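The structure appears below as structure tokens.
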Amino acid sequence: MLDMKYLRKNSVEAAERLKARGVDKAQLDELLDLDQNRRQTIQEVETLKAARNEASDKIAYAKRNKQDATQAITEMQSVSAKIKVLDKQQTELDLKVKELAAHLPNLAANDVPVGKDEESNVEQRKWEPITEGQPRIQKTKPEWLKAHYEIGEALGILDFERGAKVSGARFLYYVGDGARLERAVYNFMLDEHRTEGYTEMITPIVVNDEAMFGTGQYPKFQDDAYRVEGLNQTYIPTAEVPLTNYYSGETIPAEDLPIKFTALSPSFRKEAGAAGKDTRGLIRLHQFNKVEMVKFTKPSQSYQELESMTKNAENILQKLALPYHVIMLSTGDMGFSAAKTYDVEVWMPQQEVYREISSVSNTEDFQARRMHITYRDDNEQLQLVHTLNGSGLAVGRTVAAILENYQNEDGSVTIPEVLRPYMQGQEKLVATPHH
RNA sequence: GGAGAUAUGGCACAAUCUGGUACUGCAACGGACUCGAAAUCCGUCGAGCCGCUUUUGGCGGUGUGCGGGUUCAAAUCCCGCUAUCUCCUCCA
């Protein structure tokens, strides 16, 4: 949610910055009109209420002294009727203002490139391993190179067919070493983040509508969410929702900031509008595991924390020796709540493209305003905290990247060294019958 | 899932039957006393949100778990909801 006072006082600048996020000026104008209307109504009704309060005191006083108050009561009847009408008007205007404001995306930070889509994203840095024998970006692709889902099916560790049979398209079973590899990957990630100072959490994976509103998924993006039928609850699309809402409505002691959380959770997405896209493999599923990072910070430190959170995501890929690059998203490509976002994209050698594996955002006070998360500054004044979130990383996509980058010509897959302790010392994935 | 109870400031509680300025204590803050502190005494103390404003502040509105209703007026009466506790039932 944007600050109404800012929008009121800086409407020209706000219109410009919203335009960069794809919002038409008419939308802002409509909101400001309603806001103006609302404040006028408030002034009217409050004048009447002040009068009523005063009269009410007099009536009470008269009654206590056994005096007649019939006349005052009669007068107040009409005043109260007017108040009722105006109150209703105000409630309606409140709702409309809130509704419109809730649909406005966050404003982008100053250094974010302006553009209408991913074409305007800007690469920040590239990384690939230097050690001999580790995955490198090859100038020429060997012809035996397979896609991760081909490897997974050949090794018998990913079963998409039975996933579709039992659940539906875009669901799968991990089988045997596949399940163990997935588990190794997320245990490794959680251990790394814990070392970096994140508090590990296991969260609810069903949340209420208020929580979905707080982080900005609702009301605008309900179509992509798995709702629990008959209840105002939703299967989380990311652990960002329960992690960030942990402090909703609370004032955090300033000395506790910054606070850092991490959690593994399944993530559920309908992928509405992605029909026919990335239909094969681990890239786009209705349910996938993700290790998430969330931070609560003072405003002055949020951008430095954004950099370090991005480094925390990169660290995982570096330790796994997977090639990647980092891009800064343009105003047109960023998510609804973000003020600035870095995407980390891992190299997928079979398709020869970088694939998003992490998205790290600073939402500034956008989510905190929706959730009312505050702290007291040095002058004891309540201020909104800044919230950040990032994947650290998408687990399924990491498994996909490992399979493709670590595959050998004989069809086996070498297990990255850092994962071997999590796989009882196993060094390779080879085809093994298990049933 | 069934039955009962509870929800009031940072904390603990009163007022609810019988509608009329939300009591008191603790904590906190300011001051006095003191070399300083404790104790004591005096004073202040509804957080948040909203509106207006001449903006280190002032005025008003809202605010007794949440949402409605009745009334000139609701902590209080009526309806709905949520959470917590106790008992029963069920369960990994």
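If you're wondering where the values come from, they're calculated on a predicted model, not measured in any experiment. In what follows, chains are A, B, ... by sequence order, proteins preceding strands, each numbered from 1.
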Checklist outcome for this item: With both pairing distances under 3.5 angstrom for Watson-Crick or G-U wobble, and | for a partner in another strand, the correct string for RNA chain B is (((((((..(((.......[...))).(((((.......)))))...((((((...))))))..(((((..]....))))))))))))....
Next on the checklist: With a 4.0 Å cut-off on N to O distance, would you call A:Lys319 and A:Glu192 a salt bridge?
Outcome noted: yes
Checklist entry - Toward the 5' end of RNA chain B, which comes first, A:His372 or A:Ser80, by nearest nucleotide? => result A:His372
Checklist entry - Any donor-acceptor pair under 3.5 Å linking the side chain of A:Arg52 with the backbone of A:Ser80? => result no
Next on the checklist: Suppose the criterion is ring pair (Phe, Tyr, Trp, His ring centres under 6.0 Å): which pairs have a residue in residues 177-204 of chain A, not counting sequence neighbours?
Outcome noted: A:His193-A:Tyr198
Item to check | Separation of the C1' atoms in B:rC42 and B:rC59, to the nearest angstrom | outcome: 29 Å
Item to check | Ring geometry between A:His286 and A:Tyr226 (parallel below 30°, tilted from 30 to 60°, perpendicular above 60°) | outcome: perpendicular
Checklist entry - Does A:Lys5 or A:Leu382 map to a spot on RNA chain B nearer the 5' end, using the closest nucleotide for each? => result A:Leu382
Measure all distances between protein nitrogen or oxygen atoms and nitrogen or oxygen atoms of nucleotides 68-71 of chain B, and list the pairs falling under 3.5 Å.
unit_1	atom_1	unit_2	atom_2	d
B:rU70	OP2	A:Lys84	NZ	2.8

Detail all sub-3.5 Å separations between protein N/O atoms and N/O atoms belonging to nucleotides 17-21 of chain B.
unit_1	atom_1	unit_2	atom_2	d
B:rG20	O2'	A:Arg64	NH1	3.1
B:rG20	N2	A:Ser56	OG	3.4
B:rU21	OP2	A:Arg64	NH1	3.4

Checklist entry - So, A:Arg38 and A:Asp94, do they make that salt bridge, N to O below 4.0 Å? => result yes
Next on the checklist: Please report the distance separating the C1' of B:rG25 from the corresponding atom of B:rC17, rounded so that it comes out in whole Å.
Outcome noted: 26 Å
Checklist outcome for this item: Here the residues of residues 44-54 of chain A within 4.0 Å heavy-atom distance, strictly under, of RNA chain B are A:Glu46, A:Lys49, A:Ala50, A:Arg52, A:Asn53
Checklist entry - Considering residues, nucleotides and ligands other than A:Glu161, do more than 12 of their heavy atoms fall under 6.0 Å from its CD? => result no
Item to check | Same-atom distance (C1') from B:rU64 to B:rG57, integer angstrom | outcome: 29 Å
Checklist entry - Looking only at atom P, what distance separates B:rU71 and B:rA12, rounded to whole Å? => result 37 Å
Next on the checklist: Using the C1' atom as the point on both nucleotides, what is the distance between B:rC33 and B:rG19, in whole Å?
Outcome noted: 47 Å
Checklist entry - Quick check: does any side chain N or O of A:Arg370 sit under 3.5 Å from a backbone N or O of A:Phe213, one acting as donor and the other as acceptor? => result yes
Item to check | Contact state string [nucleotides 76-85 of chain B, B base, S sugar-phosphate only, - no protein heavy atom under 4.0 Å] | outcome: ----------
Item to check | Those residues that, when tested against A:Asn10, pass side chain to side chain contact (heavy atoms under 4.5 Å, CB included) (two or more places apart) | outcome: A:Tyr6, A:Glu13
Checklist entry - Is the count of non-hydrogen atoms from other residues, nucleotides or ligands lying under 6.0 Å from A:Arg194 atom CZ greater than 12? => result no
Checklist entry - Are the aromatic rings of A:Phe296 and A:Tyr247 close, with centres under 6.0 Å apart? => result yes
Item to check | Lys/Arg N to Asp/Glu carboxylate O, A:Asp177 vs A:Arg180, below 4.0 Å | outcome: yes
Next on the checklist: A:Glu292: which residues meet the salt bridge (charged side-chain N to carboxylate O under 4.0 Å, His left out) condition with it, sequence neighbours left out?
Outcome noted: A:Lys290
Next on the checklist: Within the 4.0 Å heavy-atom criterion, would you say A:Arg8 contacts the bases, only the backbone, or no part of the nucleic acid?
Outcome noted: sugar-phosphate
Checklist entry - Between A:Asp377 and A:Lys298, is the closest basic N to carboxylate O distance under 4.0 Å? => result no
Checklist entry - Which residues pass the side chain to side chain contact (heavy atoms under 4.5 Å, CB included) test with A:Ala109, sequence neighbours left out? => result A:Asp111, A:Val112, A:Tyr303, A:Lys340, A:Glu364
Cut-off 3.5 Å, no hydrogens considered: what does the side-chain donor-acceptor table look like for residues 98-106 of chain A, sequence neighbours left out?
unit_1	atom_1	unit_2	atom_2	d
A:His103	ND1	A:Glu99	O	2.9
A:Asn106	ND2	A:Ser337	O	3.0
A:Asn106	ND2	A:Thr363	O	3.0

Would you list the protein and nucleotides 6-11 of chain B atom pairs, both N or O, that sit under 3.5 Å from each other?
none

Let me have the donor-acceptor pairs involving side chains of residues 326-334 of chain A, under 3.5 Å, with sequence neighbours excluded, atom names and distances please.
unit_1	atom_1	unit_2	atom_2	d
A:Ser330	OG	A:Asp117	O	2.9
A:Ser330	OG	A:Gly332	N	3.4
A:Thr331	OG1	A:Ala20	O	3.0
A:Thr331	OG1	A:Gly115	N	3.0
A:Thr331	OG1	A:Gly115	O	3.1
A:Asp333	OD2	A:Asn121	ND2	2.9

Next on the checklist: Taking only the P atom of each, what is the distance from B:rU8 to B:rU76 in whole angstrom?
Outcome noted: 14 Å
